[in-house]
Amino acid sequence: MKFKLEYYWFLIFALCFTAFNQIQDNIRPNYNGDNSIIKYLLGVAPNFFPAIGIPALFVLTIPYVFNKKNLDNWFIKKRHLSSNLISVIGLVGWEFAQMSGKLRFDWNDILWTFIGALLFQVIWILSPQKYKEL
């Protein structure tokens, strides 16, 4: 059985989405401990995991949105960068949008968004070449 490109990147997305969902809905609200490091990590995790998972999903969808036949298009050839750029702009934009509402703006969330985006790039670099090809 051949492991497809789609499964690899979708698995990364699914793991990050599951981690985000579990931390946001189950772990963080039920944590009653006093450990400030754990509280900090639980606070920034909802920004960290999407910064890895969203680009993994975009790596799959960009070739279909921008016509897979046009492989010379920079947006497709460098889809790991364009995916990360779209994701970071969206996540940082959402963080700044929280300034105007009842939600909480936090510079640490922006920092961990960039750390997650950097980790996605490391995953891309370390991934086998066959999972990067269209």
Side-chain angles (χ1 to χ4, degrees):
M1 184 169 145
K2 187 177 178 184
F3 192 71
K4 291 185 175 182
L5 154 84
E6 290 86 4
Y7 298 152
Y8 180 78
W9 296 108
F10 190 75
L11 179 64
I12 292 171
F13 167 75
L15 289 173
C16 290
F17 179 78
T18 301
F20 164 80
N21 195 29
Q22 289 299 314
I23 289 170
Q24 185 77 3
D25 295 342
N26 297 325
I27 298 169
R28 200 161 79 164
N30 295 319
Y31 180 72
N32 295 324
D34 292 331
N35 189 321
S36 59
I37 294 173
I38 292 175
K39 284 182 182 180
Y40 175 78
L41 292 175
L42 290 175
V44 297
N47 292 78
F48 175 71
F49 287 112
I52 302 166
I54 292 172
L57 183 64
F58 284 159
V59 160
L60 293 175
T61 57
I62 282 177
Y64 296 103
V65 172
F66 288 92
N67 191 358
K68 194 174 179 180
K69 294 176 184 172
N70 187 7
L71 296 178
D72 290 336
N73 186 339
W74 182 90
F75 219 65
I76 294 175
K77 283 192 331 190
K78 302 287 186 181
R79 68 189 186 285
H80 62 289
L81 296 175
S82 51
S83 297
N84 223 348
L85 184 63
I86 294 167
S87 174
V88 166
I89 289 170
L91 291 168
V92 171
W94 170 248
E95 193 64 34
F96 279 106
Q98 293 181 45
M99 293 173 107
S100 61
K102 294 180 180 180
L103 299 173
R104 205 175 124 226
F105 172 83
D106 188 1
W107 284 106
N108 289 310
D109 290 343
I110 292 174
L111 171 67
W112 281 89
T113 296
F114 282 105
I115 292 171
L118 180 64
L119 182 57
F120 173 78
Q121 290 303 316
V122 169
I123 291 169
W124 178 269
I125 291 167
L126 297 177
S127 295
Q129 185 62 32
K130 64 182 178 180
Y131 297 142
K132 300 176 193 177
E133 296 170 357
L134 291 175

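No hydrogens, no waters, no symmetry mates; every other heavy atom, side chains included, goes into these values.
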Quiz item: Just by modelled atom types, is the Lys132 backbone N or O under 3.5 Å from a matching donor or acceptor in the Arg79 side chain?
Solution: yes

Exercise. Hey, could you give me the CD1/NE2 distance between Ile62 and His80, rounded to the nearest 0.5 Å?
Key: 11.0 Å

Practice problem: Compare all side-chain heavy atoms of Ile110 with those of Trp107 and state whether any distance is below 4.5 angstrom. | Solution: yes

Quiz prompt | Heavy-atom closest pair, residues Ile54 and Phe13 | solution = N-CD1, 4.5 Å

Quiz item: Where is the tightest heavy-atom contact between Ser87 and Pro50, given as atom of each residue plus distance?
Solution: OG-O, 4.0 Å

Quiz item: Does Leu126 CG have over 12 foreign heavy atoms under 6.0 Å away?
Solution: yes

Quiz item: Is Ile37 linked to Tyr40 within one hydrophobic cluster, defined over Ile, Leu, Val, Met, Phe, Trp and Tyr using a side-chain heavy-atom separation of less than 4.5 Å?
Solution: yes

Self-check item: Residue pair Phe120 / Val59, side-chain heavy-atom distance below 4.5 Å
Solution: yes

Quiz item: For the residue pair Gly43 and Arg28, what are the closest heavy atoms and their distance?
Solution: O-NH1, 3.3 Å

Quiz item: Hey, quick one: are Ile27 and Val44 part of the same hydrophobic cluster, counting side-chain heavy atoms closer than 4.5 Å, chains of contacts allowed?
Solution: yes

Quiz item: Closest heavy-atom contact between Asn84 and Gln121?
Solution: ND2-NE2, 2.7 Å

Quiz item: If you measure from CD1 on Ile12 to OH on Tyr7, what distance do you get to the nearest 0.5 Å?
Solution: 15.5 Å

Quiz item: How long is the span from the CG atom in Leu11 to the CG atom in Leu15, to the nearest 0.5 Å?
Solution: 4.5 Å

Practice problem: Decide whether Leu41 and Ile38 are clustered together by the hydrophobic rule: side chain heavy atoms of Ile, Leu, Val, Met, Phe, Trp, Tyr closer than 4.5 Å, transitively. | Solution: yes

Exercise. Decide whether Phe105 and Leu91 are clustered together by the hydrophobic rule: side chain heavy atoms of Ile, Leu, Val, Met, Phe, Trp, Tyr closer than 4.5 Å, transitively.
Key: no

Self-check item: Connected via hydrophobic side-chain network under 4.5 Å: Leu42 and Ile52
Solution: yes

Quiz item: Just by distance, do the side chain of Asn47 and the backbone of Trp112 share a donor-acceptor pair under 3.5 Å?
Solution: no

Quiz item: Can you find a heavy atom in the side chain of Phe114 that is under 4.5 Å from one in the side chain of Val92?
Solution: yes

Practice problem: Let me know which of Tyr131, Trp9, Tyr8 forms a ring pair (Phe, Tyr, Trp, His ring centres under 6.0 Å) with Trp124. | Solution: Trp9

Practice problem: Could you tell me the separation between the CD atom of Glu95 and the CZ atom of Arg104, rounded to the nearest 0.5 Å? | Solution: 9.0 Å

Quiz item: At what distance, to the nearest 0.5 angstrom, does CD1 of Ile89 lie from OG1 of Thr113?
Solution: 12.5 Å

Quiz prompt | Inter-residue atom distance Leu85.CG - Phe58.CZ, 0.5 Å rounding | solution = 11.0 Å

